[in-house]
Amino acid sequence: MKRVIRDFFQFFRAIFSSAYTFKYANEEPDVIRSRVLYVIGENEFFIYAVMLCPCGCESKIHLNLLTNHRPAWQIHKNGKYPTLTPSIWRQVGCKSHFFLRNGHVVWAGNETDGKQDLR
């Protein structure tokens with residue numbers, strides 16, 4: 001029952017959601033806002049990105065941007081909207097698996113898992 005309720009709220013939020021945007025910072029902010037991908041670093045040297053999990057669990061997701069350490073992600077910009085490669089797959093907590101494409105969350109995996117494409 002708890003999963004059905006969570007999935008309902010995810011679907012409802014998807015209908016009215018806006019796209020993720022970038023925010024550059026020298027340090028990780030104390031408060032992480034939803035629908036914002038914070039890119040942390042200085043002088044065009046970016047170390048990591050942080051965002052809230054889009055499933056609604058409110059967990060912070062930290063993504064390494066240093067290519068000489070694994071795993072590593074790359075950020076691509078399409079105007080003001082980010083794309084991340086590869087996908088993000090949480091191994092703990094909610095275990096969400098998704099892509100961030102042009103600012104929109106696209107859930108990976110089985111279509112029957114209750115998660116919706118958030119475009």
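All values below were derived from every heavy atom in this structure, side-chain atoms included, with hydrogens, water molecules and symmetry-related copies excluded. All residue numbers refer to positions in the sequence shown, counting from 1.
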Donor-acceptor contacts, no H, no angles, side chain residues 39-58, under 3.5 Å, sequence neighbours left out:
residue : atom : partner : partner atom : Å
Y48     : OH   : E28     : OE1          : 3.0

Practice prompt. Answer with yes or no whether the hydrophobic clustering places F22 together with I32; edges join I, L, V, M, F, W, Y residues whose side-chain heavy atoms lie under 4.5 Å apart.
Written response: no

Discussion item. Taking L84 as the starting point, is it possible to reach Y24 by hopping between hydrophobic residues whose side chains are less than 4.5 Å apart?
Written reply: yes

Discussion item. Do F98 and I75 sit in one hydrophobic cluster, given that two such residues count as connected whenever their side-chain heavy atoms are within less than 4.5 Å of each other, even indirectly?
Written reply: yes

Worksheet item: What closest approach, in Å, do W73 and S87 show between heavy atoms, and which atom pair accounts for it?
Response: NE1-O, 3.1 Å

Worksheet item: Is the shortest heavy-atom distance from the side chain of L63 to the side chain of I88 under 4.5 Å?
Response: yes

Worksheet item: Are any side-chain N or O atoms of N64 and backbone N or O atoms of H69, one a donor and one an acceptor, separated by less than 3.5 Å?
Response: yes

Worksheet entry | Same apolar cluster (I L V M F W Y, side chains within < 4.5 Å links), L100/W107 | yes

Discussion item. I need the minimum non-hydrogen distance between L37 and Y20, along with the two atoms involved.
Written reply: N-CD2, 4.2 Å

Worksheet item: Between T21 (side chain) and Y81 (backbone), is there a donor-acceptor pair under 3.5 Å?
Response: no

Fill in: D30 CG: over 12 foreign heavy atoms closer than 6.0 Å
no

Worksheet, complete the sentence: NZ of K80 to NZ of K23, rounded to nearest 0.5 Å, is 13.5 Å

Practice prompt. Apply side chain to side chain donor-acceptor pair (under 3.5 Å) to T85 and list each qualifying residue two or more places apart in sequence or on a separate chain.
Written response: H76

